[in-house]
Amino acid sequence: MVLKKLASFSMVTVMATSAAFAGKSKSSDWRDVPEYYAKYFKYNRYMEYDYNSTFLRRFRVPEHPSGKSNQQDTYVSWSDVKLKKDTPSDVRECWNIFVSGGECGKPVVTPLPEHYSAEGTLDVLAYSRYVSEENGLRVARDVLVQELAKKDASNGTLLERILKTTSDRSYTYPNSFSTIPQQERKDIGVYLVLGIGGEKSANAALIQRAADQIRQLGFQAEMLKVDANLGSDYNSEMLSGMLAERLPKLKKVILVAASKGVADFITFFLNQGQNFPQEQREKVRLMVSLSGVIRPSMVADFLTNSNRPLPLMIRGLLHLTGKGDTIKGVNSLSHNPWQGHDPKMVKQSFSRMKWLSLPAIPEGPEGVTHLSMWEGFLKTPSYRWNEKASPMDGLVESAASVLPPDTGLTEYIVPVYGPHAIALGSYTGSLRVAPEAMGDVTDRVVPEAGAEMLSALFRALPIELIQ
């Protein structure tokens with residue numbers, strides 16, 4: 001509720017905060033916006049931009065174009081700069097690249113040696129940050145989509161199957177989860193974990209309805225109630241105890257988590273997993289990550305480590321309203337759970353586990369999302385503060401929502417275009433993840449979306465994923 005109240009704060013306040021920092025950088029280099037764009041501006045053609053600004057451009061309107069010493073500048077949010085309706089499509093496309101920090105026509109930078117692991121594997125997070133800095137967020141988003149397609153172990157086949165079952169609710173693939181014999185389903189457990197906020201989070205309704213649907217299908221399904229606000233170190237201990245009790249009763253296990261719940265599982269895999277008997281570890285066959293925080297969140301870093309006015313205000317309000325523990329949970333998302341661990345350790349401990357990532361990819365034309373509750377007041381300040389950043393879903397960089405290099409795990413990747421609350425997203429420009437339940441709703445999660453999305457996944461996912 002605190003964040004929802006913050007989201008409704010006057011944008012004037014947020015813009016003033018951003019502007020206060022926009023003009024203080026010694027490296028700022030203010031130049032006239034190229035006439036190529038300025039002549040199509042809907043409101044004011046006389047505008048400058050900071051040539052040295054990255055990610056999302058800084059703009060201002062000089063009070064006195066003549067450049068007198070007593071001039072006062074009016075800072076303008078990049079999102080408030082509008083183009084006329086008759087702007088040619090090619091100009092509009094170039095504008096989207098320009099406003100996101102790039103230059104239209106500039107070649108896309110190629111990976112540097114430091115963007116590869118010691119084993120020669122491309123780190124898509126490091127590379128997408130490099131592209132974002134050199135070519136802007138829009139180009140980086142498109143490059144990231146291409147790189148994720150290369151990483152997908154199914155080479156796009158799994159996405160095609162999900163598109164089919166989502167668009168046609170009567171279709172079931174003959175080798176899918178939905179064809180598992182009823183007598184076998186009772187020995188298969190599906191355990192689900194929520195993210196920050198627990199049952200009050202945006203993804204909660206999605207997962208809760210999915211759990212209900214799984215039980216109706218005859219599988220063992222349960223929400224594992226870890227602490228909704230505390231850090232992953234704490235929750236991984238809770239998961240260890242809960243799974244130690246449940247694994248011996250089953251033959252196969254599927255783990256499903258959203259957002260911070262994925263970080264909780266990763267911390268468990270790396271720190272407690274090896275303590276389980278091999279027989280129990282081998283029962284874990286599939287990990288499903290829904291916009292998971294697999295690597296550190298740049299927004300969490302901003303909220304917990306920046307001393308700028310906005311994060312200070314948010315932390316203060318959380319403390320005043322008795323929600324101080326939430327800060328601990330958010331802070332844990334700014335840390336790298338893989339730090340100090342061999343990335344192959346998860347595969348070594350859980351040798352039969354496969355990984356399915358559904359990262360949220362920003363859908364906006366500038367390479368940002370416009371559907372997230374975080375979008376209105378956290379996105380721009382987060383990009384202003386972070387020196388290294390790339391396209392994000394409103395909370396976590398999309399490239400940080402897939403596995404890091406060299407884990408050895410088989411990873412399937414099905415991108416969803418939209419915000420961190422994955423039920424609001426779409427698989428394609430015309431197909432939402434839950435088209436019937438969500439309809440035209442873009443500002444809230446409809447609970448029934450969970451069952452609809454789960455049904456499509458179970459009718460699409462091949463049984464080989466858990467064999």
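Along the sequence shown, residues carry numbers from 1.
Using a 4.0 Å cut-off between charged side-chain N and carboxylate O, D233 and K328 make no salt bridge. Using a cut-off of 4.0 Å between Lys/Arg side-chain N and Asp/Glu carboxylate O, E282 and K251 are scored as not salt-bridged.
Counting only residues at least two apart or in different chains, ring-ring contact (aromatic ring centres under 6.0 Å, His included) contacts with residues 137-165 are absent. For residues 322-348, no residue pair satisfies the ring-ring contact (aromatic ring centres under 6.0 Å, His included) rule, not counting sequence neighbours. Legend: ring-ring contact (aromatic ring centres under 6.0 Å, His included) pairs involving residues 447-467, not counting sequence neighbours, sorted by first then second residue: F177-F458, F219-F458.
Listed by chain and number, the residues in a side-chain hydrogen bond (donor to acceptor under 3.5 Å, both in side chains) with S357 are W355, E411 (sequence neighbours excluded). Residues that satisfy the side-chain hydrogen bond (donor to acceptor under 3.5 Å, both in side chains) test with E237, not counting sequence neighbours, are Q272. Looking at residues two or more places apart in sequence or on another chain, you find no side-chain hydrogen bond (donor to acceptor under 3.5 Å, both in side chains) involving R141. Listed by chain and number, the residues in a side chain to side chain contact (heavy atoms under 4.5 Å, CB included) with S100 are L137, R138, E366 (sequence neighbours excluded). The ring pair (Phe, Tyr, Trp, His ring centres under 6.0 Å) search around F55 returns Y383, not counting sequence neighbours. The side-chain hydrogen bond (donor to acceptor under 3.5 Å, both in side chains) check on E222 picks up R246, with sequence neighbours excluded. Take Y412 and apply the ring pair (Phe, Tyr, Trp, His ring centres under 6.0 Å) test, not counting sequence neighbours, and it matches no residue. Applying the ring pair (Phe, Tyr, Trp, His ring centres under 6.0 Å) test to Y234 and every residue at least two apart in sequence or in another chain returns nothing. Every residue was checked against the ring pair (Phe, Tyr, Trp, His ring centres under 6.0 Å) condition with Y116, not counting sequence neighbours, and none meets it.
Between the side chains of D264 and S232, at least one donor N or O lies within less than 3.5 Å of an accepting N or O. For the 3.5 Å distance criterion, the side chains of D168 and S170 qualify, holding a donor opposite an acceptor. For the residue pair R459/S455, the side-chain donor-acceptor check at 3.5 Å is satisfied. In this model, a donor atom of one side chain and an acceptor atom of the other lie less than 3.5 Å apart for S117 and D406. R129 and N386 share no donor-acceptor pair across their side chains, judged by distance under 3.5 Å alone.
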Assess the residue pair I254 and V256 against the criterion (side-chain contact (heavy atoms from CB on, under 4.5 Å)); give the C-alpha distance rounded to whole Å, side-chain angles, the decisive distance to 0.1 Å, and a yes or no.
CA-CA 7 Å; I254 300 170; V256 182; 4.2 Å; yes
- Message: Using side-chain contact (heavy atoms from CB on, under 4.5 Å), reason through W385 and D301 one step at a time and then give a plain yes or no.
- Response: CA-CA 10 Å; W385 187 74; D301 191 20; 3.6 Å; yes
**Message:** I'd like to know whether Q274 forms a side-chain contact (heavy atoms from CB on, under 4.5 Å) with M345, so could you lay out the CA-CA distance, the side-chain angles of the two residues, the decisive distance to 0.1 Å, and finally the verdict.
**Reply:** CA-CA 9 Å; Q274 68 272 19; M345 190 173 177; 3.7 Å; yes
For Q220 and V190: C-alpha separation, side-chain torsions, deciding distance, then whether side-chain contact (heavy atoms from CB on, under 4.5 Å) applies. CA-CA 6 Å; Q220 301 295 317; V190 183; over 6 Å; no
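Distance alone, capped at 3.5 Å, is enough to place a donor-acceptor pair between the K260 side chain and the L230 backbone. Looking at R215, its side chain does come within 3.5 Å of a backbone N or O of A221 through a donor-acceptor pair. R281 contributes a side-chain N or O that, together with a main-chain N or O of F276, makes up a donor-acceptor pair within less than 3.5 Å.
Atom OG in S401 sits 10.5 Å away from atom CG in L125 (nearest 0.5 Å).
Shown here is Q183, whose CD atom has more than 12 heavy atoms of other residues, nucleotides or ligands within 6.0 Å.
Classified by interplanar angle (parallel below 30°, tilted 30° to 60°, perpendicular above 60°), the ring pair Y130/Y127 is tilted.
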